[in-house]
Amino acid sequence: MKKIAVLTSGGDAPGMNAAIRAVVRTGIANGWEVFGVRNGYEGLIDGKIIPLGAREVGGILQRGGTVLGSARSQEFKTRPGQLKAFRNLNRFDIESLVVIGGNGSQTGAHALHLLGFPVVGVASTIDNDLYGSDITIGVDTALNIALEAIDRLKITASSHQRAFLVEVMGRNCGYLAMMAAIAGGAEEMVLPELEVDPERIAATLTEAYERGKAHAIVVVAEGAKYNATRLDEYFKQHRERLGFDLRVTILGHVQRGGSPQAYDRILASRLGAGATDALARGEYGVLVGMLNSAIKTTPLEEVVNKPKKLDESLIELAKKLD
Ligand code: F6P
């Protein structure tokens with residue numbers, strides 16, 4: 001009987017549990033034995049590998065986070081760490097591994113692939129910065145959490161005629177910020193991918209008041225050259241000249257903690273099942289993602305080497321709608 005293992009790694013993303021459940025249940029349906037690895041690559045290094053049955057993954061579909069635990073393993077970035085993990089997989093007679101995670105996690109999966117271990121990745125990160133998947137597990141839920149916050153901030157902003165900076169996660173990628181700006185009706189967005197001029201942002205906010213707007217929201221990506229803290233400092237320094245007061249909200253990890261919405265549960269179920277399909281075909285060293293609304297595989301070699309770009313038409317749309 002074939003033995004496979006599954007792990008979640010890097011930042012947790014809402015929907016990871018649905019992906020674990022799909023890997024376990026479709027693996028069992030294929031007649032395989034399925035194992036879970038605790039705390040990502042750390043668990044591989046420490047040999048924390050446990051059997052997972054269909055019932056063990058019951059009741060987790062609707063839960064945020066990851067029941068397997070996750071980690072950002074520094075040791076696995078080293079050759080000795082990777083070799084320890086490789087040896088443990090062999091010690092437990094695991095024949096192939098599914099890695100659910102984002103960029104760093106798929107870089108780790110690629111390293112195992114290069115060592116000759118059969119591995120398949122599943123695209124999961126709230127940042128949506130992974131080449132090989134138009135959308136990744138967790139993005140939609142994180143976006144909805146950001147939107148709920150923005151909608152609430154607009155209410156208090158309107159009452160006081162204030163401007164708000166709302167910082168969202170995304171590491172070096174502006175996807176979450178751009179989509180939150182479009183869906184949240186922000187006056188301005190600040191992305192790592194775009195030039196930032198604090199004076200232009202100030203002009204946009206002033207103009208918003210002149211146009212009679214009761215509130216002004218700027219969505220800022222955490223990875224932008226001027227993140228919310230730096231912008232706030234700039235506006236404070238120039239407060240008298242610019243003439244308005246700002247309030248800052250940094251959403252941070254709140255965005256990762258939600259119960260996965262329908263879209264993420266379905267996406268995760270499809271990608272998890274796509275991973276065991278790839279293993280059944282003997283297709284290894286690939287990422288399973290969603291491309292043009294279909295489940296597709298992309299070589300990990302490309303995934304870890306190619307950047308994912310923002311859709312220019314969405315940037316233009318956000319600019320037109322402010
Ligand atoms: O990659 C997901 C993410 O939430 C990023 O948006 C953020 O920059 C980072 O993880 C935060 O990492 P940590 O949870 O390790 O603080």
Side-chain angles (χ1 to χ4, degrees), residues 10-14 64 72 102-104 125-130 136 138-206 208 213 215-239 242 244-258 261 308 310-311 314-315 317-319 321-322:
D12 61 302
R72 298 194 191 280
N103 256 318
T125 162
I126 66 159
D127 302 338
N128 207 25
D129 58 350
L130 203 51
T136 51
V139 174
D140 185 63
T141 304
L143 187 54
N144 277 293
I145 295 168
L147 282 181
E148 197 187 323
I150 290 170
D151 290 347
R152 285 170 189 244
L153 287 171
K154 270 193 171 173
I155 293 171
T156 170
S158 305
S159 309
H160 289 267
Q161 306 223 320
R162 270 177 182 158
F164 269 82
L165 297 178
V166 189
E167 185 176 290
V168 299
M169 279 188 158
R171 206 176 285 277
N172 298 317
C173 173
Y175 182 89
L176 268 184
M178 176 181 75
M179 297 311 248
I182 294 174
E187 275 59 42
E188 188 57 86
M189 62 183 185
V190 179
L191 313 182
E193 292 83 352
L194 302 177
E195 286 291 313
V196 190
D197 177 4
E199 289 293 324
R200 185 181 50 78
I201 294 166
T204 306
L205 294 177
T206 308
K213 288 200 174 194
H215 53 71
I217 302 280
V218 181
V219 180
V220 185
E222 65 173 358
K225 180 177 160 208
Y226 280 93
N227 61 14
T229 310
R230 288 199 63 202
L231 271 179
D232 188 36
E233 273 164 20
Y234 185 92
F235 286 125
K236 278 201 177 103
Q237 261 173 21
H238 300 271
R239 199 202 166 289
L242 298 174
F244 56 78
D245 232 3
L246 272 178
R247 292 290 185 273
V248 179
T249 302
I250 297 177
L251 293 180
H253 291 81
V254 153
Q255 290 154 101
R256 290 216 313 242
Q261 304 240 337
K308 180 163 161 184
L310 286 186
D311 182 339
L314 289 173
I315 297 180
L317 177 65
K319 286 183 184 164
L321 294 178
D322 64 14

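Numbering of residues begins at 1 and proceeds along the displayed sequence. Values below: all heavy atoms of this structure, side chains included; hydrogens, waters and symmetry mates excluded.
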Side-chain donor/acceptor of E193 to backbone N/O of G174, under 3.5 Å: yes
Over all atoms of both residues, closest heavy-atom pair of V248 and I250: CG1-CG1, 4.0 Å
Candidate pair M189 and I315, rule side chain to side chain contact (heavy atoms under 4.5 Å, CB included), full reasoning: CA-CA 9 Å; M189 62 183 185; I315 297 180; 4.0 Å; yes
Smallest separation among heavy atoms of E167 and A228, with atom names: OE1-N, 2.8 Å
Polar side-chain atom of T141 near backbone of G258 as donor-acceptor pair, under 3.5 Å: no
Full working for side chain to side chain contact (heavy atoms under 4.5 Å, CB included) between E148 and N144: CA-CA 6 Å; E148 197 187 323; N144 277 293; over 6 Å; no
Inter-residue atom distance N103.CG - L130.CG, 0.5 Å rounding: 5.0 Å
Test side chain to side chain contact (heavy atoms under 4.5 Å, CB included) applied to Y175 and D127, step by step: CA-CA 7 Å; Y175 182 89; D127 302 338; over 6 Å; no
For A224 against L191, the heavy-atom pair lying closest together: CB-C, 3.9 Å
Heavy atoms from other residues, nucleotides or ligands near CZ of R152 exceed 12 (cutoff 6.0 Å): no
Distance in Å, L143 CG paired with M178 CE, rounded so as to fall on 0.5 Å steps: 10.0 Å
Residue pair L242 / A202: nearest heavy atoms and the distance that separates them: CD2-CB, 3.6 Å
From CG (L205) to CZ (F235), nearest 0.5 Å: 6.0 Å
Spatial distance of atom CG (L153) from atom CG (L147) [nearest 0.5 Å]: 11.5 Å
Reported CG-to-CG distance for the pair N172 and D129, which is rounded to 0.5 angstrom: 8.0 Å
Any donor-acceptor N/O pair, K308 side chain to C173 backbone, under 3.5 Å: no
Residue pairs involving residues 215-225 (criterion side chain to side chain donor-acceptor pair (under 3.5 Å); sequence neighbours excluded): none
Any side-chain heavy-atom pair of L251 and I145 under 4.5 Å: no
Non-hydrogen atoms of L176 and A142 that approach each other most closely: CD2-CB, 4.3 Å
For the student: nearest non-hydrogen atoms of L231 and P198, plus distance: CD2-CB, 4.1 Å
Student check: side-chain heavy atoms of P14 and D140 closer than 4.5 Å: no
Approximate separation, where rounding is to 0.5 Å, of I217 CD1 and R247 CZ: 13.0 Å
Matching residue for T204 among E187, E188, E199 - test: side chain to side chain donor-acceptor pair (under 3.5 Å): E188
